Amino acid sequence: MAFSAPWSEAQLEAERRVWEPERSTVATDERQLVGHTGAFSLRMTVPGAQVPVAGVTLVAVRPTHRRRGILRDLMRAQLTEIYEAGVEPVAALTASEPAIYGRFGYGLASDHQEIVVRKLARELRPVAGIDDVKIKYVDIRESLDTCTALHNRLAADRPGMFQHDERWQDYVTGDNVTSDPANGSARRCVLAERDGEVTGFAYYRTKRAEKRYVQVSRVHAVDLASHAALWRYLLEPDLLSETRYGNLPSDDPLLELLLDPREPGPITRDGIWVRPVDVARALAARTYSREIDVVLAVSDGFLPWNSGTWHLTGGPTGAACEATARSADLTIDVRELGAMYLGRPSLVRLGAAGLVQEHTAGALSAASEAFSTSRLPWLDTGF
């Protein structure tokens with residue numbers, strides 16, 4: 001009712017496998033369920049570390065009970081429970097409607113590109129070693145452990161990705177509520193191999209709708225040659241007119257390798273929204289690209305324990321953060337703190353928009369460099 005879309009039994013079963021019922025919070029009215037929020041227990045990569053994160057999901061209020069503060073109460077109850085448990089310093093979600101969650105302290109921390117590449121514009125620039133990579137069609141279930149191991153290896157180095165356990169490896173290969181199997185083949189898998197070693201994989205299906213096309217669901221590779229070889233395969237379908245992918249990383253090499261940079265027509269979509277639940281623990285949980293020593297005045301109108309002045313010190317090997325009575329170098333709202341937590345966008349950019357105030361000359365630029373990462377954050381698995 002809330003998401004206005006039918007779920008097949010296969011999609012429901014996929015959701016049941018990952019659902020953690022003990023983490024559901026519900027609102028009721030005369031014994032009728034009128035609101036819900038839940039969470040997944042994720043281990044997500046942040047700059048320099050892997051951190052327990054509450055993956056907020058299935059947030060809904062019955063249409064008959066909107067505008068009564070139910071969503072606000074659910075959000076506050078959930079975040080308070082997460083804080084008091086003391087395990088996850090950060091919450092994260094994907095937003096059906098992105099305008100909703102800023103008022104609860106969530107900031108947009110990643111984006112991705114939606115692309116369509118026609119078959120006639122598939123040509124790539126030369127990539128060294130691409131012809132040494134063998135593309136091999138395999139059974140998606142039989143290759144599950146191999147693909148999951150490679151995914152988790154890559155996820156450990158990319159902010160925004162999280163580790164797939166047995167539940168999640170089943171989820172991403174089946175028909176879940178984030179996928180659309182209509183008019184499509186079964187999901188298929190190809191491996192990239194070089195010298196007998198698996199160096200990448202891709203999941204996709206072919207579809208016959210108004211156009212016949214390849215629908216890519218994920219591409220992972222350990223090196224550029226394997227990445228390019230997988231994309232060359234996906235861009236050269238027989239009897240199909242184009243290749244589509246709705247979740248390409250914004251810094252993916254494919255955008256530079258296509259000879260026609262205009263062809264994919266990338267459309268930027270929002271990815272993961274991040275919310276520090278415990279500011280001190282969240283800031284101390286990640287590392288920083290350069291030494292940082294800054295005092296942040298944080299405002300949080302939704303979780304009052306986060307409002308205050310925090311002294312953050314650290315660098316590439318670790319960090320510490322504690323309350324302080326010192327004067328602030330920067331003033332920032334918790335929403336912007338969440339937005340930049342994974343390394344994107346820069347503090348300087350937020351400052352230019354008037355969302356961060358600098359009180360000590362040079363503090364904004366120095367902190368911006370420290371929070372930045374060499375790779376853009378990317379959520380590869382929606383929840």
Side-chain angles (χ1 to χ4, degrees), residues 7-21 40-45 50 52-53 55 57 94 112 133-182 184-207 214-223 225-234 237 243-249 252 254 271-272 378-383:
W7 289 2
S8 69
E9 187 56 39
Q11 290 172 314
L12 282 169
E13 182 56 33
E15 295 299 319
R16 290 188 188 103
R17 285 198 298 269
V18 295
W19 182 45
E20 300 175 38
F40 299 123
S41 305
L42 306 178
R43 190 155 190 85
M44 184 173 289
T45 301
Q50 292 182 47
V53 169
T57 188
T94 58
H112 56 264
V133 179
K134 177 183 177 181
I135 301 300
K136 178 181 178 182
Y137 181 80
V138 296
D139 182 272
I140 197 167
R141 299 300 303 177
E142 293 177 2
S143 61
L144 196 52
D145 290 343
T146 297
C147 293
T148 301
L150 190 143
H151 169 273
N152 288 347
R153 171 184 164 190
L154 296 173
D157 294 324
R158 181 94 179 209
M161 294 178 70
F162 63 89
Q163 296 291 302
H164 286 177
D165 58 18
E166 185 175 312
R167 298 175 308 146
W168 285 99
Q169 68 178 16
D170 288 339
Y171 184 83
V172 300
T173 53
D175 291 333
N176 56 62
V177 299
T178 66
S179 64
D180 177 15
S185 69
R187 200 186 304 273
R188 295 170 176 157
C189 176
V190 288
L191 300 182
E193 292 184 347
R194 185 165 51 198
D195 299 326
E197 178 185 354
V198 175
T199 54
F201 72 95
Y203 290 162
Y204 70 100
R205 65 171 98 236
T206 54
K207 288 203 168 188
V214 176
Q215 181 71 63
V216 180
S217 56
R218 60 181 56 241
V219 180
H220 298 292
V222 300
D223 56 52
S226 301
H227 188 75
L230 286 166
W231 271 110
R232 184 170 65 179
Y233 169 82
L234 294 166
T243 300
R244 304 179 183 181
Y245 187 23
N247 193 28
L248 186 77
D252 194 280
L254 179 66
I272 192 168
W378 175 50
L379 177 67
D380 72 301
T381 304
F383 55 85

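Here, residue 1 is the first one in the sequence, and each next residue gets the next number. Note that the structure is a prediction, hence the values are computed from the model and not measured.
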Do you know which two heavy atoms are closest between L150 and G200, and how far apart they sit? CD1-N, 3.6 Å
Partner residues of D252 under the salt bridge (Lys or Arg N to Asp or Glu O under 4.0 Å) criterion, sequence neighbours left out: none
What residues form a side chain to side chain donor-acceptor pair (under 3.5 Å) with T199, not counting sequence neighbours? S226
Can you list the residues that meet the side chain to side chain contact (heavy atoms under 4.5 Å, CB included) rule with E166, with sequence neighbours excluded? Q169, D170
Please round to the nearest 0.5 Å and tell me the distance separating atom CZ of R244 and atom CG of L234. 14.5 Å
I'd like to know if the side chain of R205 reaches the main chain of S185, judged simply by a donor and an acceptor atom lying under 3.5 Å from each other, with no hydrogens or angles considered. yes
Considering non-hydrogen atoms only, spot the tightest contact between Q50 and A156 and give its length. NE2-CB, 3.4 Å
Test of understanding: with side chain to side chain contact (heavy atoms under 4.5 Å, CB included), list the residues that count as partners of A149, not counting sequence neighbours. none
I'd like to know if the side chain of S143 reaches the main chain of T146, judged simply by a donor and an acceptor atom lying under 3.5 Å from each other, with no hydrogens or angles considered. no
Which residues pass the ring pair (Phe, Tyr, Trp, His ring centres under 6.0 Å) test with F383, not counting sequence neighbours? none
Holding to side chain to side chain contact (heavy atoms under 4.5 Å, CB included), I want the full list of residues that pass it with T173, two or more places apart in sequence or in another chain. I140, R141, L144, Y203
In chain order, what residues pass the salt bridge (Lys or Arg N to Asp or Glu O under 4.0 Å) check against E20, with sequence neighbours excluded? R167
Between V172 and H151, is any pair of side-chain heavy atoms under 4.5 Å apart? no
Quick one: which residue pairs count as a salt bridge (Lys or Arg N to Asp or Glu O under 4.0 Å) with a foot in residues 7-17, not counting sequence neighbours? E9-R16, E13-R16
Ring pair (Phe, Tyr, Trp, His ring centres under 6.0 Å) with F162: which residues, sequence neighbours excluded? H164, W168
Side chains of R218 and T381: does their closest heavy-atom pair fall under 4.5 Å? yes
Which heavy-atom pair separates P237 from V214 by the least distance, and what is that distance? CB-CG2, 3.5 Å
Pairs of donor and acceptor atoms involving the side chains of residues 189-198, under 3.5 Å and at least two apart or interchain, shall be tabulated with distances.
residue : atom : partner : partner atom : Å
R194    : NH2  : D223    : OD2          : 2.5

Determine yes or no for a side-chain-to-main-chain donor-acceptor pair under 3.5 angstrom, with N247 supplying the side chain and L379 the backbone. yes
Side-chain touch H112/L248, heavy atoms, less than 4.5 angstrom: no
L230 and A221 have their tightest heavy-atom pair at CD1-CB, 4.3 Å
Which pair of non-hydrogen atoms, one from Y171 and one from G382, has the smallest distance, and what is that distance? CE2-O, 4.0 Å
Among residues at least two apart in sequence or on other chains, which ones pass side chain to side chain donor-acceptor pair (under 3.5 Å) with W7? none
The complete set of salt bridge (Lys or Arg N to Asp or Glu O under 4.0 Å) pairs with one or both residues in residues 147-160, sequence neighbours excluded, reads R158-D251
For L42 and G55 the tightest heavy-atom approach is CD1-CA, 3.8 Å
